[in-house]
Amino acid sequence: MNHQQVSEICFEETYTVPIDQTARSLFTRLPHGKHYAETLIECLATGYLIAVVESICIREMQLQIDPSAEVVVGRTIHLEHCGPIPPGATIRLQGWVERLGQRSATFCIRAYDDHELVCDGKVTLVAADRASMESKIATKVNDLLKIDVVS
């Protein structure tokens, strides 16, 4: 991870909310959410908001690592979803690196629609050793396969 370049990351961009990223749409697809999904409002689901914010931060940090040796993964996300965002609305996202660790970066994030602040928080990402992560995943996948064979 290039600490100097990561420390200088700052971004501002827009995102238009698609109709299929509402709370109602998301919870309809989840087994435990089908029974109450129709009672939810048609606005951006918090889970999708988190994914949008995290994906932008990962993209920015990804530019400053060696992808053959490192992979950017999420560690901590603290976001306040401050206001409803209807489908079709465009949000303006602003972010910058606030703190660096040996292999991590913490981003401050703010997002606004045309009316108000709709998201405020922090995202911490880690530039993890790719080989180590792949090894851990392979071990877990193998353990799952063993469980399937026994069952």
Side-chain angles (χ1 to χ4, degrees), residues 1-137 140-141 144:
M1 176 172 92
N2 184 323
H3 282 78
Q4 178 62 40
Q5 290 179 332
V6 169
S7 72
E8 296 171 0
I9 293 174
C10 183
F11 61 84
E12 185 167 335
E13 69 180 77
T14 60
Y15 181 78
T16 301
V17 178
I19 188 71
D20 66 340
Q21 291 185 357
T22 65
R24 187 177 294 166
S25 176
L26 173 62
F27 283 79
T28 297
R29 294 189 300 269
L30 298 173
H32 56 278
K34 289 179 183 180
H35 301 293
Y36 61 85
E38 287 304 314
T39 68
L40 300 176
I41 59 173
E42 286 290 331
C43 69
L44 181 65
T46 303
Y48 282 120
L49 178 61
I50 291 168
V52 168
V53 167
E54 184 182 28
S55 70
I56 294 169
C57 294
I58 287 174
R59 180 197 66 205
E60 294 297 316
M61 196 165 156
Q62 188 77 23
L63 298 171
Q64 309 305 330
I65 66 162
D66 174 0
S68 65
E70 298 171 302
V71 60
V72 179
V73 297
R75 175 186 287 160
T76 309
I77 297 178
H78 294 281
L79 290 181
E80 183 179 352
H81 192 163
C82 308
I85 312 163
T90 298
I91 55 175
R92 294 176 319 283
L93 298 117
Q94 300 170 339
W96 61 93
V97 171
E98 175 187 65
R99 184 177 49 230
L100 282 177
Q102 185 174 353
R103 300 189 62 81
S104 66
T106 299
F107 291 78
C108 283
I109 304 296
R110 292 203 179 101
Y112 301 84
D113 66 9
D114 288 339
H115 303 276
E116 63 185 337
L117 175 72
V118 294
C119 177
D120 186 25
K122 297 181 188 298
V123 174
T124 300
L125 302 175
V126 175
D129 179 75
R130 179 175 289 279
S132 175
M133 291 295 286
E134 288 174 348
S135 175
K136 287 180 184 181
I137 291 169
K140 291 180 179 189
V141 168
L144 288 171

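Residues: numbered from 1 along the sequence shown.
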Gap between atom [atom2] of [Y] and atom [atom1] of [X] - 0.5 Å precision:
{"X": "F107", "Y": "I58", "atom1": "CZ", "atom2": "CD1", "result": "9.0 Å"}
{"X": "E70", "Y": "M133", "atom1": "CD", "atom2": "CE", "result": "12.5 Å"}
{"X": "N2", "Y": "I9", "atom1": "CG", "atom2": "CD1", "result": "9.5 Å"}
{"X": "L79", "Y": "T46", "atom1": "CG", "atom2": "OG1", "result": "9.5 Å"}
{"X": "S7", "Y": "Q64", "atom1": "OG", "atom2": "CD", "result": "9.5 Å"}
{"X": "I85", "Y": "Q21", "atom1": "CD1", "atom2": "CD", "result": "10.5 Å"}

Out of R59, Q94, R92, which one pairs with E13 under the side chain to side chain donor-acceptor pair (under 3.5 Å) rule?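 That would be R59; it is the only one of R59, Q94, R92 passing the side chain to side chain donor-acceptor pair (under 3.5 Å) with E13.
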
Indicate the atoms forming the closest heavy-atom contact of [X] with [Y], along with that distance.
{"X": "R110", "Y": "Y112", "result": "CD-OH, 3.6 Å"}
{"X": "Q62", "Y": "P67", "result": "NE2-CB, 3.9 Å"}
{"X": "V6", "Y": "M1", "result": "CG2-CG, 3.7 Å"}
{"X": "L117", "Y": "C82", "result": "O-CB, 3.4 Å"}
{"X": "T22", "Y": "I19", "result": "CG2-O, 3.4 Å"}
{"X": "E116", "Y": "P84", "result": "OE2-CD, 3.9 Å"}

Is a side-chain donor or acceptor of E54 paired with a backbone partner of V123 at a separation under 3.5 angstrom? no

Verify, without hydrogens or angle tests, whether H78 (side chain) and D120 (backbone) share a donor-acceptor contact under 3.5 angstrom.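 The answer is no, because no donor-acceptor pair under 3.5 Å joins these two groups.
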
Could you check whether any side-chain heavy atom of [X] comes within less than 4.5 Å of a side-chain heavy atom of [Y], counting everything from C-beta outward?
{"X": "S104", "Y": "M61", "value": "no"}
{"X": "S68", "Y": "R130", "value": "no"}
{"X": "V53", "Y": "Y15", "value": "no"}
{"X": "V118", "Y": "L44", "value": "no"}
{"X": "W96", "Y": "E60", "value": "no"}

Under the criterion side-chain hydrogen bond (donor to acceptor under 3.5 Å, both in side chains), I'd like the reasoning laid out for T106 against E98: C-alpha separation, chi angles, the key distance, then a yes or no. CA-CA 6 Å; T106 299; E98 175 187 65; 5.9 Å; no

Classify the side-chain pair R24/T28 by whether it contains a donor and acceptor separated by less than 3.5 Å.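 T28 and R24 do not have a side-chain donor-acceptor pair below 3.5 Å.
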
Can F11 and I109 be said to form a side-chain contact (heavy atoms from CB on, under 4.5 Å), step by step? CA-CA 10 Å; F11 61 84; I109 304 296; 3.7 Å; yes

Among I50, L49, I91, D113, whose side-chain contact (heavy atoms from CB on, under 4.5 Å) with C119 holds?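 The residue from I50, L49, I91, D113 that satisfies side-chain contact (heavy atoms from CB on, under 4.5 Å) with C119 turns out to be L49.
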
